[in-house]
Structure formats: C-alpha cells, structure tokens
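This one's a predicted model, so the numbers in the text were calculated from it and none came from an experiment.
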Amino acid sequence: MAAQNKQRFSVSYASSCVFVFLLLLSSFESMEGSAMEAQALLRWKRSLPPQTVLDSWVDALNSSSSVSAPCQWRGITCNEQSSVIDIKLDNTGLMGTLDHLNFSSFPNLLRLDLKINNISGVIPPSIGALSKLQFLDLSTNYLNSTLPLSLANLTNVFELDVSRNFITGSLDSRLFPDGSGNSRTGLKSLRNFLLQDTLLRGRVPEEIGNIKTLALIAFDRSQFSGPIPQSLGNLSNLNVIRLNENHFSGQIPKSIANLKNLTDLRLFTNNLSGEVPQNLGNSSSLSVLHLAENNFIGNLPPQVCKGGKLVNFSAAYNSFSGPVPSSLQNCSSLFRVLMQNNSLTGLLDQDFGVYPSLNYIDLSYNQLKGTLSPNWGECKKLTLLRITGNQVNGEIPEEILGLKNLAKLDLSYNNLSGSIPKRIGNLSKLLILGLRGNRLSGSIPIGIGSMGNLASLDLSMNVLSGSIPYELGECSRLQYLSLSRNQLNGSIPFSIGKLAALQILLDLSYNSLSEQLPYTLGNLKSLENLSLSHNNLSGSVPNSLATMVSLISIDLSFNNLEGPLPDGGIFSRAEAAAFSNNKGLCSNDIVGLPSCNDHENDDGGTTKKKLVAILVPTIVGSALVSLVLFGIVSYILRKRTERVSDSNTTFRDVWYFFDGKVTYSEIIEASKDFDDEYCIGEGGSGKVYKVETPDRAVYAVKKLHDSWDDDQMMMQNSKKFLNEARGLTEIKHGNIVRLLGFCCTKVHTFLVYEYINRGSLAHILSDAKEAMELNWSKRIRAVKGTARALSYLHHYCIPPIIHRNITSKNVLLDSRYEARVSDFGTARFMNTDASNWIAVAGTTGYIAPELAYTTVVPEKCDVYSFGVLALEVLAGTHPGDIIFALHSSSDNNIDLKDVLDSRLPFPQTQEIVDNLCLIMNVAISCVQKDPSSRPTMSNVTWLLEVQAAVG
C-alpha cells in the first residue's frame, strides 16, 4: 500500500514538474517573442525621421522599463502573453516609409491602423506575413506602389482600406479566392473593401464575386473601367456599392437589383448606358441611389422607394424618359433629389407629395406639366427648389412663401401666370430668385426690398408692368439684377444707386422706361455689365457713369438720349453700337458717333458769325499777353532752378503724386535713402519699402532696379516711364492696389503705392495662426477678388494690362480681408531687352508651361498663374504636387478633401463646400497645359460669381 502511494506521489510529482517546466518554457518563449517584437519596432523607428509621436518607444535595456516595454508604448497593444496584437498610430502625423518594418516579427498581429499620416513609398510584399491580421487601414497617406500580391495571404482580414493614396496598377484576380470553396489563399474573409481616390485602373475582376462575406465595396473616384462585374449580384451580404466617378461602361448587371441587403448604390459619373433594371429597389430598402451623369435611357425604376427609406436620389444628366417613379410620391424620407436634365414626363402637382425632411430638389429641364402644388409649402426644410425649363403652368402658390429656410427658388422658363405674390419678402433667407421666361404679370412687389440676403434677382422675359419699386434699392447684397423684356414704365429710381454690391449685371433693357438716367448709377463702382437699351430714356448721360471703374460692357442704344457722352471710363473704349439709335448722342472718342465738335445750330449761323468777329480778336490778344507773361515766368523759374538744383536729385518732369501731400525729399528721408531697415519685400523688378511720412501717412514704395548711366538714356526711358506710369495711376479698382505716384531720376526710379496692412497671402498662409484666421469664407472672397482684379486688367484697360507675375506674394489682404492685387504693370516699366525681363515675366511655380519656349506673355499666362494661386489658397501651400498629377494624367478628377488645407476644419455648410468645389474646378481649368483650353479671366469671374450664386 505504501509502495503504491509512493508510486502515485512520484507520478504526480513528475507531472507537476513537467507542467512547471512547460509553463516556464512558455514564459521564456513569450519573453523572447516580446523582445523580438520590441526590437523590430525600434529598428523601424530608427529608419524614420525623428518625431515626437514615437518618443515613448525606448530600448528596455537602456531604461527602467520592464521586458514588456512595447505593451506600454504609444499605439501598441498586447495580449495576455505580451505579444503585440495591435499597432494603432492613425492620425498622428507619422512620417517615413514601411520599408524597414519587419512584419514577420509580429505573428499575432490582429490590427494595423496607420491611416491619415504622411507615410510614403511602397506597401512591402512582406506584409503578407501577417497571417492572423484582421484589420488593415493604410488610407490617406502618400503610398505610391501597386497592391502586392502577398495581400492574398491575409485570409483573415475583414477590412482592407488603402484609399486616398497614389496606388497604381490594376486589381489582380489572384487577390481573390478561386471560387472552389476550399481555397487557402485570397481575401476570403473580407467584409469591407475600400480603394477610394486611388490611381488603380482597368477592370474589376469577376473573381471579386467569390468573396461571399463582402458587405461594402467603395472604389469611388479611382480609374476603373470596363463593365461592372456580373458576379456582384451573387454577394448576398452586400450593403454598399460605391463605384461612382470612375470610367465604368456598359449596363448595370440585372442581378444587382436582387440584392436584398443593398442600401447604398452609387454609380454616378461613369460611362454607363442602357436601361436601369426596372426591379431595382423592389427587394431592398435603398437609402442612397445615385445614377446621375451617365448615358442611361428608358424609364426610371418605379419602386426606388418601395422600402420607404430613400434619402438621397439622383438621376440627373442622363436621357431618362417616361414618368417620375411612382414610389417617390409618398417617399417621406427624401432629403435630396436631383433629376434635372432628362426628358421625364408627368404632372408636377400629382407625382409629388409632402416631404418633411426634403432639403434640396432639382427637377429642371424635363417635360413636366401641371401646376405648382401647395404641398411644396409643407416641405419646411427646403433650401433649394428648382423647376426651371419645364411646362408648368398656373400661379405661384402662396404656400411657398412659408418656406422660411428657402435659399434658392428658380422657376424660370415655364408657363407660370398671374402675379408675383405680394408676400414674396417673407422669404428672408432667399439668395436666388429666378422667374425668368414665364407669363407673370402685374407689378413687382415692393416686398422684394425686404429680402436683405438676395444676391441674384431675375424677373426678365415676363409681362410685368408698372414702375420699378423704390424699395428694390434696399437689397443691399444684390449682385445680379435683370428686369429686361417686360413692360415696365416710369423712371429708373434713384435708389438703384444704393445697390453697391451689384457686380455681374444690371439689365433693364426692352421695357418702356422713360425720363432721365439717374446720376446715382455712378455709385455702382463694382458693376461690370450695364444694359438699358430699348427704352424711352431721355436727356443726357450723367458724367457719373464715367466713374464706374469696373464696367466692361454698356448698352444705351435705342433710347432718346442726347448730348455729349461723358469723357473717360467705359466711354473711351465702347463700340458705337452701344449708343446707336438715340436722339443725338455725340462723342470725340468713339469712332462711328458724331463728333461733338461738329455740332452746330444752322439756324443761328448769322449770330455765330457775329460772335466770331467779336471774340476772335479778343482771344488772340489775350493769348499774346499770356505768352509774354509765360515767357517771363519761365525765365525766372529756370534761373532759380539752375541755382539750387542738384543733378542727382532733379525731378525734371518725372515726378507725380496724385494729391501732392508727399514730396521726393520726404520719401528719401523717411526711408533713409532706401535703407534695408525699411525693406518689406523683394521681387524680380525691385525692392519694396514701408515708408511713413511725418504726417503719419504710410506708403509702400517700390524702388525699381533700373537706373541709367547717361542723360540720353535717362531721357529716353524717363519719357517711356512717364507715359506708362501716368496711365497706371488712372487704374481704380477695389481689388487692385492703387498706384499713387512715381519718380524717375538718374539715381532713383520708384513707384508709390497705398500700403495694405495685412500683407501678402504668401505670408498669411505660411503663418499657422494667421492661416487659421483666414477661414474658408475669407479664402473664397480672396480668390474671387483676385479674379475680379485680373478680369479688370485684361478686359477693361486699353491697352490691356497683363500682370505677368501673379503669385501669393503679389496678392495682399486689407483689413477686411479683401484681396488687393499689387505689382501690376511693373513689367511695362522695364526695357524689353533688359536682362531681367524674363524674371519679371513670372515666378517659378506660377509660370505657364508655354513660357519655356516663348518670350511672348499672352493673357492666358496670367490665367495659369491665377489657377495656381487659387489652388494654393485652398491647399494652404503651393500646389506643385497637385499640378504635377494633373499634367501627368489625362484625368482631372481630384477630390476636394485631398486639396483643402488640413489646418482648417472641413467646412460645415453645403454652400461653402459648393463654393470651394467650384473654385477647385475653375482652377483646374486654368492650369491646363494648352493655353487655348484655359478660360479668359472674364469667364473665370463670371463662373465664380454667377455659378456660385445659382449653383
């Protein structure tokens, strides 16, 4: 018995020893594994640039840390055996590459999250060693490789995201399981597959349908082409398919309509064609369906909202015909609907219902009939209602006036009749009101004057009568006003001059307006286009119209105007047709109009002859006396000048300052003869100094590099300088820095500008604090102001002025953050054979490509530089990489989020987003390699102002 007990004890003791040995062995292996992982992480750290995010990663041998040190490092998580299972360093600013990260050292890694960083280089093929990995997110970095085939070894990964990188190549079918059901490789566990905003191209392999677990496919804004894989219809777990903004062609696979779990289908902006499956929506509860901007034909699926959950629906810019989907009538979940530019039919008052959540609906340019239903007034959250270009009739229902959030209402080009509702002023948030091209009658309601936010008002092409209400002048933010082609009468109200924000257009043509032009029109300093033709206006043209410095076009034809046209401004360069068919207008500047010097009253010929006989001797005698006195005074002054003049400081005739408040000596003294202490900038043509005179006036003085060694050269160049500078002092525009004066001597040649206090865009964008203060609204305003300035220089000035050096250093911001273009026309002061001519013609990074092979600088070079500048304002830094990508690819598709300055939060309102998208797209068109593909600055300004207002 004792022997048996002893035997049992021996066995038990031996078992315990084995257990303890195995436990110790496991512990030692765990410790060894942890040390191996720590060393792999430290080796990777040493390969990266120094950065604080990895400061906690220190060698355990050289610190008081325990052997499990990696588990306490930032971004590292371990399991109970102290093995690394999670590397999470997302959104930390991490810089470097993955080249020296030994993935095989992490056999238990489950999660690798490095998104939103500054990681560049390639995705190493060794990443396939992470056999247990379940989550891989490398999105929003600067990776530029292809997708390594070794990813097929990640059979446990359920989320793979490499979006927003420069990933190239194509999707290899070997990344996916082979469909046999027992495949040992391939991304067979994948649920979320994201390849957004990459450079991947070519077809998506049919083998993608072998990943039965797939729930989300997001390939939007890449370069994929060919047909949509038919096999997607076999993926019964699919919730989201986002293939938008690629180059897919062919038809939508019919099997996709059978996916019962599908909630989000985005196919917009591709080359898809044919008919959309008519059962789409029957089997699922779609919340998002985007079909816009393709080549679809036939009917829209009738049951797109069968599940009653549709929120966003777009079918715009296709060739759909037939009725509006019947399920939309009671689809109360709708938030945003775009069906414009198709050939849809139906009755507007019967096919649409009440949508309590609807924010935006555009039904423009279809073939819809019927009337405007009062039900629209129940859509209380509507901000945009656009039904332009249909066949809608009847009156505008009063109920629409209850839409307190409505910002854009466009019912143009229909058959609407009746009057404009008197309570239209209740729409206090309205920015855009378009009723053009209807049969509206009656008078213009005075309530429009209470719409203080209105930016665009177009009531043209109706049968409105009565006078223009005086209250219209209270619309202080109005930029676009067209009342043309109506039956308006009476005078143009003086209050029209209060519309100081009017910039794009004032069109009152083709009415029956009478009496004189109000002189207050001259207050519209920002207005670019004025049309008052085909009215009964009489009297003379007020001289104040010559001070409208921004006018590009004017049309006063077909009126009863008479007398001389004003001198200067638009009246020095307009065509004669703009003043034709009047009672008796004359001008000494416009070819084709009678000269005012030739006007003579024939009935008073005899009287004139008598006056001539009396006045001629008197005038001649006075002239002789004046000549004698002038000679005496000139002699005295010449002698005085010879006594006190120094040849180095003589101005001769080349000194001008517009108000006489500062003298040459004050400029020299205040700047200590242009000491570098006062220098605030330097460019290709000279240095800029901040000069404060004794009376505390502050000027920016640009001292040009040009100087002349002999009197003959000085005389030749000073005459050229004088002619050019005098012309530039006449330029007056709210977005251009005013040239106040100039000086040309043998020692100094300089220009005196008004001083703009906030400094240049380059300075502001380079300073983190100031860049944050320059929010999105201010940046939008800066871009638009610069565009207006260049449009003025190109299209208003005669001869046109090409800036030649538009950069962020030459765009200044004043105290109200308004853009002020500086350094304009400086190149015109330089000798065309001077060595610095090319330097004046541009700055590296802003120069148009064609200047590499020509010295001719056309206006399209300024357009290119403007495009660079606009992208720089959006990005917060010079957009060299963006432009390189645009020029090296035939596709101009860029995502706004990839452009915007990361120092500012993403804009929170759709209006700001729309404006930024518009600026980005216009800028892209401006930096095209081919100059003929670039718009003019006039078109740029039109797009940025009008399109933003009506978009």
Side-chain angles (χ1 to χ4, degrees), residues 93 455 477 479 501 503 526 680-681 683 688 690 698 700 733-737 753-791 803 805-824 843 845-846 865-883 894-924 926-927 940-941 943-945 948:
R477 297 185 181 181
Q479 300 176 33
Q503 177 190 337
S526 299
I680 58 174
V688 180
K690 181 181 178 182
V698 183
H733 189 280
N735 296 111
I736 295 178
V737 177
Y753 293 96
E754 60 179 324
Y755 178 73
I756 308 299
N757 61 342
R758 288 197 185 275
S760 69
L761 268 172
H763 164 73
I764 292 171
L765 292 174
S766 66
D767 184 277
K769 182 179 179 182
E770 293 195 47
M772 290 289 287
E773 292 176 0
L774 192 66
N775 60 30
W776 295 124
S777 295
K778 292 172 182 174
R779 295 191 189 202
I780 291 168
R781 192 157 71 243
V783 172
K784 290 183 178 180
T786 306
R788 287 195 292 268
L790 287 175
S791 178
H803 190 289
N805 197 20
I806 284 293
T807 71
S808 56
K809 290 183 178 180
N810 284 333
V811 176
L812 313 180
L813 295 184
D814 64 18
S815 58
R816 297 179 298 116
Y817 287 95
E818 286 292 341
R820 307 289 294 278
V821 172
S822 67
D823 222 18
F824 63 94
T843 298
Y846 298 85
S865 301
F866 168 80
V868 177
L869 174 77
L871 290 172
E872 182 176 356
V873 172
L874 297 187
T877 186
H878 189 278
D881 292 341
I882 297 173
I883 294 172
I894 298 178
D895 191 280
L896 180 65
K897 291 182 180 179
D898 295 339
V899 174
L900 295 185
D901 191 341
S902 60
R903 294 173 294 183
L904 293 182
F906 192 79
Q908 299 300 306
T909 68
Q910 189 62 42
E911 182 180 359
I912 296 293
V913 172
D914 290 346
N915 270 278
L916 293 173
C917 283
L918 180 61
I919 289 174
M920 181 184 72
N921 291 330
V922 169
I924 289 172
C926 289
V927 296
V940 167
T941 303
L943 285 168
L944 293 180
E945 301 291 351

Test side chain to side chain donor-acceptor pair (under 3.5 Å) on Lys784 and Asn735; report intermediate values, then the result. CA-CA 10 Å; Lys784 290 183 178 180; Asn735 296 111; over 6 Å; no
Count the heavy atoms of every other residue, nucleotide or ligand shown that sit under 6.0 Å from CZ of Arg781, and state whether that count exceeds 12. yes
Counting heavy atoms not belonging to Asp767, are there more than 12 under 6.0 Å from its CG?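 More than 12 within 6.0 Å, yes.
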Heavy-atom closest pair, residues [X] and [Y]:
X	Y	result
Pro879	Val868	CG-O, 3.6 Å
Val783	Phe866	O-CE1, 3.6 Å
Met772	Leu904	O-CD2, 3.5 Å

If only atom types and distance count, is the side chain of [X] paired as donor or acceptor with the main-chain N or O of [Y] below 3.5 Å?
X	Y	value
Arg779	Leu774	yes
Arg788	Thr941	no
Ser822	Val737	no
Arg758	Arg816	no
Asn757	Ser815	yes
Thr786	Ala782	yes
Ser526	Gln503	no

So how far is it from [X] [atom1] to [Y] [atom2], rounded to the nearest 0.5 Å?
X	Y	atom1	atom2	result
Ser766	Lys809	OG	NZ	9.5 Å
Asp814	Tyr755	CG	OH	12.5 Å
Ile919	Cys926	CD1	SG	11.0 Å
Leu812	His763	CG	NE2	11.5 Å
Trp776	Asn915	CH2	CG	12.5 Å
Leu896	Leu874	CG	CG	7.0 Å

Are side-chain heavy atoms of [X] and [Y] found at a separation under 4.5 Å?
X	Y	value
Ile756	Glu754	yes
Glu872	Thr877	no
Ser760	Val811	no
Asn805	His803	yes

Under the side-chain contact (heavy atoms from CB on, under 4.5 Å) criterion, do Ile806 and Leu790 qualify, and how do the steps go? CA-CA 9 Å; Ile806 284 293; Leu790 287 175; 3.7 Å; yes
Residues forming a ring pair (Phe, Tyr, Trp, His ring centres under 6.0 Å) with His733, sequence neighbours excluded: Tyr792
Could you go through the side-chain contact (heavy atoms from CB on, under 4.5 Å) check for Leu869 and Thr807 one step at a time? CA-CA 6 Å; Leu869 174 77; Thr807 71; over 6 Å; no
Decide side-chain contact (heavy atoms from CB on, under 4.5 Å) for Arg820 and Leu813; before the verdict, give the C-alpha distance in whole Å, the side-chain angles of both, and the deciding distance to 0.1 Å. CA-CA 6 Å; Arg820 307 289 294 278; Leu813 295 184; over 6 Å; no
Contacts of type side-chain contact (heavy atoms from CB on, under 4.5 Å), residue Asn775, not counting sequence neighbours: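 Result, side-chain contact (heavy atoms from CB on, under 4.5 Å) vs Asn775: Ser777, Lys778.
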Step-by-step salt bridge (Lys or Arg N to Asp or Glu O under 4.0 Å) determination, Arg903 to Asp901: CA-CA 5 Å; Arg903 294 173 294 183; Asp901 191 341; 2.9 Å; yes
When the side chains of residues 905-913 are checked against the rest of the protein, which donor-acceptor pairs come out under 3.5 Å, sequence neighbours left out?
| unit_1 | atom_1 | unit_2 | atom_2 | d |
| --- | --- | --- | --- | --- |
| Gln908 | NE2 | Phe906 | O | 2.7 |
| Thr909 | OG1 | Ile912 | N | 3.3 |
| Gln910 | NE2 | Asp914 | OD1 | 2.8 |

